[in-house]
Enquirer: 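For reference, the structure I am asking about is given below.
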Amino acid sequence: MAVTGDDTAATGDMPTYQIRAPTTGLPQGVVMAASPGSLHSPQQLAEEATRKRELRLMKNREAAKECRRRKKEYVKCLESRVAVLEVQNKKLIEELETLKDICSPKTD
DNA sequence: CTTTGTACGCGTCAGATTTT
DNA sequence: AAAATCTGACGCGTACAAAG
């Protein structure tokens, strides 16, 4: 598969798929921590840390899904653009050949 | 039927980028 | 500057087709 570093950099065109969504709501019902000031025991602190980590993982999980979805869409866009350009290119080549024929000096 | 190769999606981490 | 968000890379599991 050979995955080596940057991709988009080569072409220099802005990856449209990385435009940010206006608002990122939490996936499922996520309750914020009860005011951090009210935590004391190492036990509670550990639980809080675990909760924070789980929340972060959960958010990142969703973010990754969304990121992949956008990228897939972006790739589809590029592919259809390629298809269009290929057709266009073919037509231009044909036209060029026709014009060449018309303009070529006759040998009689 | 089993093995092998390939494609795909997922969760996670680390680092870059953007927002506050 | 800190927090939040995004994304490339990696490893893992699953599905499926082709080969043996």
Side-chain angles (χ1 to χ4, degrees):
Chain A
M1 195 180 163
V3 186
T4 317
D6 61 308
D7 36 325
T8 55
T11 56
D13 62 352
M14 247 273 272
T16 347
Y17 64 89
Q18 73 175 0
I19 54 173
R20 287 161 190 274
T23 44
T24 313
L26 295 177
Q28 285 120 35
V30 172
V31 186
M32 283 303 165
S35 48
S38 65
L39 291 172
H40 296 296
S41 74
Q43 163 80 293
Q44 281 173 312
L45 286 168
E47 280 176 11
E48 175 67 5
T50 305
R51 261 180 29 76
K52 276 190 175 176
R53 175 183 156 79
E54 278 171 359
L55 183 59
R56 183 170 51 77
L57 289 181
M58 190 181 182
K59 279 186 177 181
N60 187 247
R61 196 150 52 227
E62 294 302 314
K65 275 185 197 166
E66 182 62 15
C67 178
R68 285 169 182 140
R69 190 192 64 74
R70 279 199 295 265
K71 186 169 185 175
K72 221 172 164 182
E73 208 175 342
Y74 173 67
V75 168
K76 260 207 287 192
C77 271
L78 287 183
E79 283 170 347
S80 62
R81 190 163 147 71
V82 166
V84 167
L85 290 174
E86 275 174 351
V87 168
Q88 199 175 327
N89 193 43
K90 215 173 181 179
K91 281 182 183 168
L92 287 171
I93 288 172
E94 281 173 15
E95 192 182 337
L96 177 62
E97 291 307 318
T98 307
L99 291 173
K100 271 189 192 166
D101 282 353
I102 292 172
C103 295
S104 66
K106 288 183 180 166
T107 53
D108 50 340

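Predicted, not measured: the structure shown is a model, and the values here were computed from it. The sequence lines fix the lettering, A, B, ..., with proteins before strands; numbering per chain opens at 1.
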Enquirer: What is the distance from CZ of R56(A) to C1' of dC13(B), rounded to the nearest Å?
Expert: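 From R56(A) CZ to dC13(B) C1': 9 Å.
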Enquirer: Starting from P on dC10(B), measure out to CG on L57(A) and report it in whole angstrom.
Expert: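 After rounding, the reported distance stands at 17 Å.
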Enquirer: Does the pair E97(A)/K100(A) count as a salt bridge with the N-to-O cut at 4.0 Å?
Expert: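 Yes, E97(A) and K100(A) are salt-bridged.
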Enquirer: Please state how far atom NZ in K71(A) lies from atom P in dG9(B), giving the value in whole angstrom units.
Expert: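 Between P of dG9(B) and NZ of K71(A): 12 Å.
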Enquirer: Rounded to the nearest 0.5 Å, what separation is found between the CG atom of N60(A) and the CG atom of L55(A)?
Expert: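 Between atom CG of N60(A) and atom CG of L55(A) there are 11.0 Å.
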Enquirer: Apply the side-chain contact (heavy atoms from CB on, under 4.5 Å) test between E62(A) and each candidate in K59(A), K65(A), E66(A); give the one that qualifies.
Expert: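 Single pass found, and it is K65(A).
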Enquirer: Figure out the CG/C1' separation between N60(A) and dA4(C), and round it to whole Å.
Expert: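 Atom-to-atom, N60(A) to dA4(C), this comes out as 11 Å.
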Enquirer: Check every strand shown and say whether R53(A) touches a base, only sugar-phosphate, or nothing at a heavy-atom separation below 4.0 Å.
Expert: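 Counting heavy atoms under 4.0 Å across all strands, the contact made by R53(A) is with sugar-phosphate only.
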Enquirer: Could you tell me whether the side chain of R68(A) has a donor or acceptor atom within less than 3.5 Å of a complementary atom in the base of dG11(B)?
Expert: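 Under the 3.5 Å cut-off, the side chain and the base do form a donor-acceptor pair.
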Enquirer: Does K59(A) place a side-chain N or O at less than 4.0 Å from the phosphate oxygens OP1/OP2 of dT5(C)?
Expert: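 It does, given that an N or O in the side chain of K59(A) lies less than 4.0 Å from OP1 or OP2 of dT5(C).
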Enquirer: Between E79(A) and K76(A), is there a side-chain N and carboxylate O pair less than 4.0 Å apart?
Expert: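 Salt bridge: no.
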Enquirer: Rounded to whole angstroms, how far apart are CZ on R61(A) and P on dG9(B)?
Expert: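 Checked: the CZ to P distance equals 18 Å.
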Enquirer: For the pair made of CD in E66(A) and P in dT7(C), what is the distance, rounded to whole Å?
Expert: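 Distance, rounded to whole Å: 9 Å.
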Enquirer: Nearest-Å distance, NZ (K72(A)) to P (dC10(B))?
Expert: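 The answer, rounded to whole Å, is 8 Å.
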Enquirer: Provide, to the nearest angstrom, the distance between the CG atom belonging to L55(A) and the P atom belonging to dA3(C).
Expert: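 The answer, rounded to whole Å, is 14 Å.
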